[in-house]
Amino acid sequence: MTLTRNSPCKINLLLNILGRRADGYHDLETVLHPVNLADQLQFTALERDIELTCNRTDLPTDATNLVYRAAAAFFATTRLGRGVRIHIEKRVPLAAGLGGGSSNAAHTLLGLNDLFDQPLAVDRLFELAAALGSDVPFFLQAKPAIGTGRGEQIEPLGWFPALRGCFVLLVHPGFGVATSWAYQQLSRFPEALNGQPGRARRLVSKLDSSSLAASAAEFYNSLEAPVLRKFPLLGMFQDFLRTQGAPVVLMSGSGSTTFALLPDAASANRLRDQFKVKFGESHWTAVVPLSAECPV
Ligand code: C5P
């Protein structure tokens with residue numbers, strides 16, 4: 001039996017780091033928003049073993065792959081004595097701050113649970129997801145959410161009125177940023193490392209009660225401090241997109257993707273064209289409706 005699932009990505013509307021923890025992770029508050037740009041996962045039940053293939057040859061398909069680890073965790077927990085072949089069709093760029101790998105892991109747990117008649121309850125799926133990575137639990141659900149702890153504690157929210165009808169322009173420079181490197185660098189940026197809590201709720205309250213333009217000052221990402229210092233091109237992208245009138249421009253997660261929020265499809269497509277005239281055709285770009293309520 002074969003089953004196919006979409007595995008959508010995310011952007012962080014806010015990522016406020018609150019300090020380093022004894023276990024090496026960082027406490028944070030984040031506002032995560034689903035983006036309707038998805039990889040595709042195909043699952044075929046096998047009698048035994050986990051077999052993984054991917055259209056991207058630069059993504060390892062061995063036991064280090066997060067999808068492989070998610071499948072291994074599923075079979076270890078359920079003790080079904082079965083196996084699976086999984087094909088990953090990648091559309092979301094790698095190491096991009098868009099949560100592609102985390103989403104693939106979450107949707108592997110959901111896909112296998114469907115394929116084998118729901119052996120795991122929702123609570124158990126959330127536990128397995130948190131053990132796989134800080135961003136993985138968010139992708140078990142499909143709404144905007146606040147993440148706390150190391151990002152794994154998810155509070156689902158409603159769709160934000162200020163973002164209704166909005167489109168996001170995503171720009172990826174062609175190189176990735178390693179998440180662990182970005183976090184390690186924070187020790188050199190004490191202000192970014194030790195943010196004050198409360199910013200996530202402030203942004204959510206603005207997005208719930210006012211316009212995109214009125215919310216713009218509340219968008220924030222602590223990891224921009226180290227990443228924009230190391231990769232000045234990303235700062236140039238941001239400056240240009242702002243100069244062209246985008247009300248919100250921010251790096252997503254630990255980068256390297258920059259996103260701009262626009263009030264409608266026409267202005268997002270126009271901004272993409274202007275970006276290409278300025279920076280050339282070699283950078284990956286996408287224009288995507290932000291809310292699930294928008295037609296794809
Ligand atoms: O949780 P995940 O495995 O996705 O995290 C990748 C790396 O990012 C961690 O090894 C850690 O270096 C860093 N990280 C962190 N604090 C967080 C989330 C991630 O330091 N809250």
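All ligand and atom numbering here is 1-based and tracks the order in the structure.
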Participant: For the residue pair Tyr183 and Tyr25, is the inter-centroid distance of their aromatic rings smaller than 6.0 Å?
Facilitator: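 So the answer is no for these two rings.
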
Participant: Hey, which residues fall under 4.0 Å of ligand 1 on heavy atoms?
Facilitator: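 Protein residues near ligand 1 are Gly24, Tyr25, His26, Leu28, Gly133, Ser134, Arg150, Thr179, Ser180, Tyr183.
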
Participant: Quick one: name the residues clustered hydrophobically with Phe189, using the 4.5 Å side-chain heavy-atom rule over I, L, V, M, F, W, Y, and just say none if it's on its own.
Facilitator: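 Direct or chained contacts put Phe189 with none.
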
Participant: Show which side-chain atoms of residues 59-72 pair as donor or acceptor with protein atoms under 3.5 Å away, not counting sequence neighbours.
Facilitator:
residue	atom	partner	partner atom	Å
Asp62	OD1	Thr64	N	3.0
Asp62	OD1	Thr64	OG1	2.4
Asn65	OD1	Val67	N	2.8
Asn65	ND2	Pro60	O	2.8

Participant: Looking at Arg150 and Asp23, does any basic side-chain N land under 4.0 Å from a carboxylate oxygen?
Facilitator: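 No salt bridge links Arg150 with Asp23.
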
Participant: Verify the ring-centre separation between Phe75 and Phe116: is it less than 6.0 angstrom?
Facilitator: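 Under 6.0 Å, so yes.
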
Participant: According to side chain to side chain donor-acceptor pair (under 3.5 Å), does anything in residues 111-121 pair up with another residue at least two apart or in another chain? List the pairs.
Facilitator: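 Listed once each, the pairs are Arg5-Asp114, Asn113-Gln118, Asp114-Gln118.
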
